[in-house]
Amino acid sequence: MSASLEDAAPAAALRTPPVVPQPAPRTAATPSQKPTPGAPAPGALTAGAPTPGANVTGAYPDLNVPPASATTPIAPSEKDALMRDLTATRQRLENSAPANNADAEARRLRNLAKTHAERQLQEIEKTE
């Protein structure tokens with residue numbers, strides 16, 4: 001038994017339905033709303049009304065206009081205060097950072113593990 005392209009995708013399934021143009025919606029004028037002479041038809045675009053899509057002005061767009069800022073810029077005084085805070089924090093962390101002494105770090109971690117285990121055992125004994 002052999003398979004063909006017609007078996008996988010029948011030609012009838014691939015046909016697109018014909019496009020039927022839809023009529024534009026119409027608004028009927030009520031007797032109290034008689035159109036004035038010279039007024040645009042209902043639904044017509046006027047010169048002052050915004051148009052959907054791109055506007056054709058006949059000129060190339062100016063891409064060199066800087067976009068408006070999304071937020072207010074940081075004032076120089078705010079920048080200086082933030083820089084002082086960050087510098088002080090950086091220096092504090094550098095001064096408190098332990099030296100690269102592996103033996104001292106290992107002793108500290110062993111002591112932490114032992115005290116932690118003792119505290120956990122005490123907590124368990126309290127609950128019993």
Side-chain angles (χ1 to χ4, degrees):
M1 176 172 213
S2 66
S4 68
L5 185 58
E6 182 66 27
D7 294 333
L14 297 177
R15 285 190 207 117
T16 57
V19 178
V20 178
Q22 298 293 326
R26 297 183 151 234
T27 57
T30 59
S32 62
Q33 298 176 338
K34 293 185 180 179
T36 57
L45 297 176
T46 60
T51 58
N55 294 329
V56 179
T57 61
Y60 289 104
D62 185 7
L63 301 178
N64 295 320
V65 176
S69 179
T71 62
T72 57
I74 296 176
S77 60
E78 288 179 274
K79 177 185 170 190
D80 293 339
L82 289 171
M83 290 300 293
R84 280 192 308 272
D85 291 344
L86 289 172
T87 304
T89 304
R90 184 182 304 125
Q91 288 174 352
R92 182 177 47 84
L93 290 174
E94 287 173 357
N95 293 337
S96 68
N100 289 334
N101 188 349
D103 293 333
E105 183 67 13
R107 279 192 305 273
R108 186 186 72 80
L109 289 173
R110 281 190 199 102
N111 187 30
L112 179 66
K114 186 166 69 170
T115 58
H116 178 72
E118 289 172 0
R119 275 188 263 129
Q120 289 298 322
L121 287 173
Q122 289 172 359
E123 189 69 31
I124 291 170
E125 289 173 358
K126 285 180 186 177
T127 58
E128 290 179 353

Can you list, pair by pair, the side-chain donor-acceptor contacts under 3.5 Å of residues 74-90, counting residues two or more places apart and other chains?
residue, atom, partner, partner atom, Å
E78, OE1, A75, N, 3.2
T87, OG1, M83, O, 2.7
T89, OG1, D85, O, 2.8

Handout entry: Gap separating the CZ atom of R107 from the CZ atom of R110, nearest 0.5 angstrom
Key = 8.5 Å
Exercise for the section: Keeping the roles fixed (side chain from N95, backbone from Q91), state whether a donor-acceptor pair exists under 3.5 Å. Expected result: yes
Handout entry: H116 side, atom NE2; K114 side, atom NZ - distance, nearest 0.5 Å
Key = 15.0 Å
